[in-house]
Amino acid sequence: MSEPGPRKSHLRKYRYVAFRQTFEQQEDGTVLVTCDDGRVGRFHTDGRYIEGELTQANKHMLIWTGAPPQKPECRYRWGEVPVDISRPSGWPEQLEVVLHYHLGR
Amino acid sequence: MSQSDIPYPPHLLVEKPPYRPRVARVGVNRYFELAYHQREVERIWKRAWQWACREEEIPEIGDYMVYEVASLSFIVTRTGVNEFKAYWNSCLHRGRKLCDFAGKRATEFRCMFHGWAWNIDGTLKDMNCGWDFPGTRDEVARLPEARTGVWGGFVFINPDPACEPLAEFLGELPDHFEGAGHDLGRRSKQVHATVHVPANWKIVQEAFLEAWHVSHTHPQIVRSPDYRSVAGNRWDDFGNWMRSAPARPTDQYRAPPGYATSTAETPQDAVDMYWDYHRNEDSPIKVGPGETAGQVIAREIRIAQRKALGDAVEAYHDVHMSTGEMVSVWPNFHPWGGFSRLVYRFRPYQNDPERSIMDVLLMAPWPDDRPRPPPAPPHELGLEDSISEAHELGGLWRIFQQDLGNVAAVQAGLQTSARGYVILSQHNDAPVRKFHDMYDRWMGSDNSDDFIAAEVP
Ligand code: FES
Ligand SMILES: [Fe+2]
């Protein structure tokens, strides 16, 4: 998998088509939800409403949007965890460094 | 070999009758009452085949692991090149655990209380102060054993001496793994997370048994329109295990109402969702003119698998790339097929019916001619830890965060249930229904419907 391209922002932004809503991670850790019809609401990532005309939103999209940051080296799908078959650990060097503690090596 | 020369994998075409389609009701008590837990120990954990460790975790004779489930503990050791034995982890004198944790190249299992010892083949080695125990030597001459069996590099144990052999229990399962080019015995255990969860093991397992919840709990990975793999369209019942296979080439895409909500508007959206590129960043993977998301995903994953398997990856059909079978083996083992790499296991924790342990493995394909890396030791995450610490899971921990958020709330919700039962659907909940039918049979209770009929006016 190649690296992601240049970012417009480090904050996550997803569109939830089924509900016609856009979820945007905010600097303060909350999530802003905007409906296609213009209604807006702000929420904690655990689903609690903070402010705005929109008072309810899918909790799991809030979790997904507002989750703690993921280590950039670890943004792989589970079906394609990077390997390096030439290294004794089996991990690419960069990941071996990042995961050292977790892998107990 | 070009893709068009590769036949569709036959194991994915095998069709079994749908599992007894009907709506079922299941009482909630089994999720929190100690009496159920205790009966599970007697009826399930002392009788069922269960995955205990990997072969490569105990590569040398005398290496051993301690496998624990509920209040039970077993020593699993290698006693020969291809021979494994398992012992109840309890001294025959006054019952101290013989092994507190795993170890290497043992020549004996010596109790740390008064020093009795057994050889690794289970025979008595040293009955310290034996003169003081007249007439008892015979009954301590051998450590009580559990049966062992190996499939796909997984060492299984069964505490029931009268159990059927593992191979018989698993039935057709090998056709779907080694028979389909996915021998888990040759994979490398690259990731192992051991997650402590504040919920009954059945609740946690049920969150991973069916695929229906994906549309509401993981809306970010539902990537229709053009992507056809709607897991959960088919549930095939193989007796002691069940699977959901990807849609066949001849299947019409037919998401039932309410099944697959989509967060993808275009094939590019579907691809971005697959790799979790969000809309504030540019995805490096582009869908070309006339390409479907499914084609792009298969192509990119083939590139990733090539790094391990080289040209051998060309022998695999596209369907192996992105979608595997979801396989659930009674009572708690879930090796997924294809290149999905996932293996789950769910166990009760000690004698607390409201706690459990979920193991997650990622089994990396590995070339036959290269030595395998040492297996990843379990990364233990306690109740206070966040799954977000398991960076090695890649994108998976954010998905588990959604699932695990549900299970603790299910545990709480079931205990305040006014009705006292849950309702399981005929199709989407089929694997959960089957689990409870098996459960009732093993527990020696009536089937779920009768069970409830007696309690609900
Ligand atoms: S309890 Fe093991 S030797 Fe006494
Ligand atoms: Fe899930």
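Residue numbering restarts at 1 for every chain, and letters A, B, ... go by the order of the sequence lines.
Side chains of A/H60 and B/N406: a donor-acceptor N/O pair is present below 3.5 angstrom, by distance only. The closest side-chain donor-acceptor pair between B/D276 and A/Y76, if any, does not fall under 3.5 angstrom.
Looking at heavy atoms from C-beta onward, B/E392 lies out of side-chain contact with A/L95 at the 4.5 angstrom threshold.
For B/A364, the part lying near chain A is the side chain, with the backbone staying farther off; criterion is any non-hydrogen pair under 4.5 Å. For B/S188, no part lies near chain A; criterion is any non-hydrogen pair under 4.5 Å. B/L396 touches chain A through backbone and side chain together, each having a heavy atom under 4.5 Å away. Only the side chain of B/W397 comes within contact range of chain A, with at least one heavy atom under 4.5 Å from a heavy atom of that chain. Both the backbone and the side chain of A/S86 come within contact range of chain B, each with at least one heavy atom under 4.5 Å from a heavy atom of that chain. B/Q402 touches chain A through backbone and side chain together, each having a heavy atom under 4.5 Å away. Both the backbone and the side chain of B/I399 come within less than 4.5 Å of a heavy atom of chain A. Interface residue B/R370: only side-chain heavy atoms are found under 4.5 Å from chain A. Contact of A/P88 with chain B is made through the backbone alone, with heavy-atom distances under 4.5 Å. Of the two parts of A/D46, neither the backbone nor the side chain holds a non-hydrogen atom closer than 4.5 Å to a non-hydrogen atom of chain B.
At a threshold of 4.0 Å, the pair B/E281-A/R75 counts as salt-bridged, since one of the basic side-chain nitrogens sits closer than that to a carboxylate oxygen.
For chain B, the option among A/V81, A/T22, A/V83 with the highest count of heavy-atom pairs below 4.5 Å is A/V81. The greatest number of non-hydrogen atom pairs below 4.5 Å with chain B, out of A/N58, A/T65, A/I63, is found for A/N58.
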